[in-house]
Amino acid sequence: MNQTLNQTVAQTPKPPQTADASSGSGLKIHHIGYLVKKMDAAMDSFLRLGYTVSRDTVYDSIRNIHICFMEKDGYTIELISPSDSTSVAAGLMKKYKNSPYHICYETQDLDDMLARLTAGGYAAIDAPAPAPALDGRRVVFLVSPFLGMIELLETC
Ligand code: NI
């Protein structure tokens, strides 16, 4: 093997193709979170695509947002709309506009999974807290520098 090829190989390590100890085996996709500026208009637009409302709009006073859940073909989406400019979602809205911005994963052990993911390069951007729109189950948001934001939700 010549020197040039050795350098190329060294600079492009093959990513792991299977789950390792720090990965999320045991995670189950729960929903895709959409930021929307106008909740009623967004719901109407999803209804026109054939979605149905699975959980009607509730106000989350912890995060200052309105949330509803809709479903289609076995997929669940969560619509999140900031209630005012003090909401964390208002800041996200400036960055993302109307768009999907996180995938939420259910886990049996939220604290253990949070520790495993943060040890594996994810950064928690808040502390686990109850989600009124999901029966008070705890959620936490994390960011990966390589794939953006995810949410963990404890299994009920
Ligand atoms: Ni969510």
Side-chain angles (χ1 to χ4, degrees), residues 15-16 19-156:
D20 63 25
S22 66
S23 76
S25 56
L27 290 177
K28 186 166 173 280
I29 292 178
H30 184 271
H31 65 258
I32 298 169
Y34 268 81
L35 277 173
V36 298
K37 191 162 189 177
K38 298 180 186 299
M39 180 63 89
D40 290 346
M43 288 175 76
D44 185 60
S45 295
F46 276 112
L47 288 170
R48 287 173 196 279
L49 294 175
Y51 287 77
T52 56
V53 177
S54 52
R55 284 173 177 259
D56 219 338
T57 309
V58 300
Y59 176 61
D60 179 339
S61 61
I62 296 171
R63 299 172 186 83
N64 249 357
I65 51 178
H66 291 94
I67 298 182
C68 83
F69 287 88
M70 300 180 80
E71 290 180 355
K72 180 174 169 58
D73 303 333
Y75 291 89
T76 301
I77 59 169
E78 171 191 47
L79 306 189
I80 301 113
S81 188
S83 59
D84 60 42
S85 60
T86 65
S87 167
V88 285
L92 294 170
M93 180 65 76
K94 284 183 187 153
K95 182 175 178 183
Y96 294 108
K97 311 295 183 190
N98 293 304
S99 68
Y101 76 108
H102 73 259
I103 296 179
C104 175
Y105 300 88
E106 265 187 298
T107 176
Q108 296 279 349
D109 189 335
L110 185 78
D111 300 301
D112 177 63
M113 186 58 71
L114 177 58
R116 285 163 59 185
L117 290 179
T118 51
Y122 285 79
I125 56 174
D126 59 8
L134 287 166
D135 307 319
R137 292 154 69 183
R138 290 185 307 151
V139 299
V140 62
F141 286 87
L142 301 98
V143 168
S144 157
F146 306 109
L147 55 77
M149 194 180 301
I150 68 162
E151 177 182 20
L152 294 179
L153 164 68
E154 69 182 354
T155 306
C156 49

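Atoms within each ligand, like the ligands themselves, are counted from 1 in listed order.
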Residue H30, metal the Ni ion (ligand 1), N/O/S under 2.8 Å: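 No, since none of the N, O or S atoms of H30 sits under 2.8 Å from the Ni ion (ligand 1).
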Going by the angle between their ring planes, with limits at 30° and 60°, are H31 and F69 parallel, tilted or perpendicular?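 Ring orientation of H31 relative to F69: perpendicular.
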Using 2.8 Å as a strict upper limit, say whether an N, O or S atom of H31 approaches the Ni ion (ligand 1) that closely.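 Yes, within the cut-off.
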Polar side chain donor-acceptor pair, E78 to H102, under 3.5 angstrom: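 Per modelled atom types, E78 and H102 side chains form a pair under 3.5 Å.
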To make sure I understand the geometry: which N, O or S atom in E151 is closest to the Ni ion (ligand 1)?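 Output for this pair reads OE1.
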Kindly assign one of parallel, tilted or perpendicular to the pair Y96 and Y101, based on the angle between their ring planes and the thresholds 30° and 60°.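 Rings of Y96 and Y101: tilted, as their planes differ by 30° to 60°.
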Of all N/O/S atoms in E78, the name of the one nearest the Ni ion (ligand 1):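 Of all N, O or S atoms belonging to E78, OE1 is the one nearest the Ni ion (ligand 1).
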For the pair R116 and D109, find out whether any cationic side-chain nitrogen is under 4.0 Å from an anionic carboxylate oxygen.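 No, this pair does not count.
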